[in-house]
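The structure under discussion appears below in the form of structure tokens.
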Amino acid sequence: MAARAIVVLVSLILAVVAGGASAQLSSGFYSRSCPGMLKAVRSALRPAIARERRVGASIVRLFFHDCFVQGCDASLLLDDAPGLSGEKNAKPNKNSVRGFDVIDAIKTAVEKECPGVVSCADILAIAAEESVVLLGGPSWEVKMGRRDSTTASFNGAENNIPPPTSGLANLTSLFAAQGLSQKDMVALSGAHTIGQARCTFFRDHIYNDTNIDSGFARSRQSGCPRTAGSGDNNLAPLDLQTPTTFENDYYKNLVQKRGILHSDQELFNGGAADALVRQYIGSQSTFFKDFVVGMVKMGDITPLTGSNGQIRKNCRRIN
């Protein structure tokens with residue numbers, strides 16, 4: 001009996017240690033230290049999305065690419081500096097991730113409200129949720145209390161972020177490495193119901209893959225020449241129907257073999273993810289619910305809390 005009690009106690013201790021970092025995050029973290037924080041975030045974000053709705057998708061992507069490297073610590077926001085090789089020039093990010101100027105504007109607004117209090121990591125998490133809502137998607141309580149990294153990982157950005165050439169097994173594995181299930185992966189991929197992709201990311205799929213609708217492939221080829229280096233930065237919507245509205249059309253495209261990225265179409269290609277895709281087509285509310293679960297879990301990936309890290313005054317550089 002005593003031995004069993006010891007085992008239970010050790011298990012409880014391990015659970016507390018494992019969940020300690022995320023347990024320090026809370027939705028009311030700034031309720032006293034910066035009660036006007038959310039209003040300040042919205043004051044800068046809403047006009048930016050009103051000017052260009054695609055920015056909302058860009059902010060969500062920034063959050064994803066940040067959390068998959070060193071956790072949700074705003075390391076992606078750091079510019080290269082002497083002694084610091086940032087993540088912005090890694091292959092998944094270079095000439096691709098955007099929205100940094102919007103995060104700068106939000107940070108400026110928040111700093112005016114309460115200087116030195118709110119981290120860039122939390123600003124990015126809040127901006128991602130607000131962006132989804134502004135584009136018609138679900139809302140959720142964003143847990144806060146993250147601090148900002150003083151380091152970045154170019155290699156992490158090169159290796160941890162799923163490339164658009166990924167198959168289902170690789171996608172599942174890369175998400176699992178971050179503590180996210182295949183279900184989380186399929187739901188979070190639904191963020192591709194907004195935003196655009198560069199030709200260089202979908203060229204191989206539209207010219208060489210067979211699991212793609214031929215008419216759709218031809219329509220995409222008109223704006224993306226076969227030759228690498230030609231039209232690499234030409235854009236096409238990830239969701240052909242409604243690229244600036246957050247809903248479940250992304251999954252409807254997949255069953256019609258109209259996923260623009262190889263990795264998108266892998267979610268509906270005769271594999272284990274097919275059933276979830278069908279489920280999300282049948283129930284947008286189920287997709288929204290699972291997407292929220294995935295976003296909250298992703299926001300919990302190894303945050304810096306307590307005395308770790310810092311509160312950056314400028315999101316692009318360490319203090």
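Any value given below was found using the heavy atoms of this structure, including those in side chains, with hydrogens, waters and symmetry copies removed.
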Checklist entry - What do the steps show when you test Thr242 against Thr245 for side chain to side chain donor-acceptor pair (under 3.5 Å), and what is the final call? => result CA-CA 5 Å; Thr242 50; Thr245 302; 5.2 Å; no

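- Judged by the 6.0 Å and 45° rule, Arg61 forms no cation-pi pair with Phe64.
- Side-chain atoms of Ile161 and Val69, non-hydrogen and from C-beta on, do get closer than 4.5 Å to each other.
- With contacts defined as side-chain heavy-atom distances shorter than 4.5 Å, the pair Gln265/His205 qualifies.
- Taking CG of Leu240 as the start and OG of Ser219 as the end, the distance is 6.5 Å to the nearest 0.5 Å.
- Cluster annotation: Val60 and Phe68 are assigned to the same hydrophobic cluster (Ile/Leu/Val/Met/Phe/Trp/Tyr, side-chain heavy-atom contacts under 4.5 Å, transitive).
- By the criterion of side-chain heavy atoms lying less than 4.5 angstrom apart, applied directly or through intervening Ile, Leu, Val, Met, Phe, Trp or Tyr residues, Val277 is not grouped with Phe216; the two fall into different hydrophobic clusters.
- Annotation: the span from Arg146 atom CZ to Leu304 atom CG amounts to 10.5 Å, rounded to 0.5 Å.
- When each of Asp209, Asn208, Asn269, Thr165 is paired with His262, the side-chain hydrogen bond (donor to acceptor under 3.5 Å, both in side chains) condition holds for Asp209 and for no other.
- Asn314 places none of its side-chain heavy atoms less than 4.5 Å from the side chain of Lys107.
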Next on the checklist: side-chain contact (heavy atoms from CB on, under 4.5 Å), that's the test. Do Asn160 and Gln178 meet it? Break it down for me.
Outcome noted: CA-CA 9 Å; Asn160 297 357; Gln178 304 294 340; 4.2 Å; yes

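- Side chain of Ser173 to main chain of Ala169: no donor-acceptor pair is present (N/O by atom type, distance under 3.5 Å, no hydrogens or angles).
- Under the 3.5 Å distance criterion, the side-chain polar atoms of Asn159 are matched with a main-chain donor or acceptor of Asn155.
- Side-chain contact of Thr302 with Gln70: a donor-acceptor pair under 3.5 Å is absent, judged by distance alone.
- At a threshold of 4.5 Å between non-hydrogen side-chain atoms, the residues Val133 and Trp140 do not count as touching.
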Next on the checklist: Pair Thr172, Gln182 - check side chain to side chain donor-acceptor pair (under 3.5 Å), show working.
Outcome noted: CA-CA 5 Å; Thr172 302; Gln182 187 177 75; 2.9 Å; yes

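- Put simply, the side chain of Pro138 reaches to within 4.5 Å of the side chain of Phe246, judged on heavy atoms.
- With contacts defined as side-chain heavy-atom distances shorter than 4.5 Å, the pair Cys315/Phe100 does not qualify.
- In this structure, Lys91 forms no cation-pi arrangement with Phe154, as its terminal cationic atom is not both closer than 6.0 Å to the ring centre and no more than 45° off the ring axis.
- A salt bridge links Asp79 and Lys88; the closest N-O separation between the charged side-chain nitrogens and carboxylate oxygens is under 4.0 Å.
- Judged by distance alone, with hydrogens and angles left aside, the side-chain atoms of Asp122 form no donor-acceptor pair with the main-chain N or O of Val118 at under 3.5 Å.
- The line from CD1 of Ile260 to CZ of Arg220 is 5.5 Å long, rounded to the nearest 0.5 Å.
- In this structure, Ser189 has no side chain to side chain donor-acceptor pair (under 3.5 Å) partners at least two apart in sequence or on a different chain.
- Remark: Lys297 NZ is packed, more than 12 non-hydrogen atoms of other residues, nucleotides or ligands lying under 6.0 Å away.
- Rounded to the nearest 0.5 Å, atoms CD (Gln196) and OG (Ser96) are 12.0 Å apart.
- With hydrogens and angles ignored, the 3.5 Å screen pairs no side-chain donor or acceptor of Asp249 with any backbone N or O of Gln241.
- Nearest heavy atom pair, residue Gly223 against residue Asn234, reads O-ND2, 3.0 Å.
- Considering every non-hydrogen atom in both Pro225 and Gly231, the closest pair reads CD-CA, 4.2 Å.
- Listed for the Ser31 side chain is a donor-acceptor partner under 3.5 Å among the backbone atoms of Gly28.
- Side-chain heavy atoms closer than 4.5 Å link hydrophobic residues (I, L, V, M, F, W, Y) into clusters, and following such links, even through other members, never connects Leu168 to Leu174.
- At a threshold of 4.0 Å, the pair Glu158-Lys94 does not count as salt-bridged, since none of the basic side-chain nitrogens sits closer than that to a carboxylate oxygen.
- Using modelled atom types, no side-chain atom of Asp239 and backbone atom of Ile194 make a donor-acceptor pair closer than 3.5 Å.
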Item to check | From CA spacing to verdict: side-chain contact (heavy atoms from CB on, under 4.5 Å), Ser139, Glu129 | outcome: CA-CA 7 Å; Ser139 64; Glu129 187 270 346; 3.3 Å; yes

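- Nearest heavy-atom pair, Arg312 versus Ala74, reported as atom, atom and distance to 0.1 Å: NH2-O, 3.0 Å.
- A donor-acceptor pair under 3.5 Å links the side-chain atoms of Arg198 to the main chain of Asn95, judged by distance alone.
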Checklist entry - Can you list the steps and then say if Asp300 with Leu25 is a side-chain contact (heavy atoms from CB on, under 4.5 Å)? => result CA-CA 8 Å; Asp300 282 344; Leu25 303 180; 3.7 Å; yes

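- Minimum interatomic distance between Glu113 and Gly36 (heavy atoms only, all atoms of both residues): OE2-CA, 3.6 Å.
- For the residue pair Val110 and Met37, the shortest heavy atom distance occurs at CG2-O, 4.3 Å.
- When atom types are taken as modelled, the side chain of Arg147 and the backbone of Asn308 share a donor-acceptor pair closer than 3.5 angstrom.
- Closest approach of Cys67 to Ile301, counting heavy atoms only: O-CG2, 3.7 Å.
- When side chains are defined from C-beta on, Arg258 does not count as touching Ile212, because their heavy atoms never get closer than 4.5 Å.
- Follow the hydrophobic side-chain contacts under 4.5 Å out from Leu171 and you never reach Val293; the two are in separate clusters.
- Interatomic distance, Glu130 CD to Ile123 CD1, rounded to the nearest 0.5 Å: 12.5 Å.
- Side chains of Glu87 and Ser75: a donor-acceptor N/O pair is present below 3.5 angstrom, by distance only.
- A donor-acceptor distance shorter than 3.5 angstrom exists from the side chain of Gln310 to the backbone of Asn319, with no hydrogens or angles considered.
- Side-chain contact between Tyr250 and Asp264 is present, with at least one heavy-atom pair separated by less than 4.5 Å.
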Item to check | Stepwise side-chain contact (heavy atoms from CB on, under 4.5 Å) test for Lys289 and Val292 | outcome: CA-CA 5 Å; Lys289 177 178 66 70; Val292 166; 6.0 Å; no

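- A distance-only check finds a donor-acceptor pair linking the side chain of Glu111 to the backbone of Gly116 [under 3.5 Å].
- The hydrophobic clustering, which links ILVMFWY residues whose side-chain heavy atoms are closer than 4.5 Å, places Met185 and Phe288 together.
- Other residues, nucleotides and ligands place no more than 12 heavy atoms under 6.0 Å from the CZ atom of Arg317.
- Taking OH from Tyr251 and CZ from Phe268, the interatomic distance works out to 13.0 Å, rounded to the nearest 0.5 Å.
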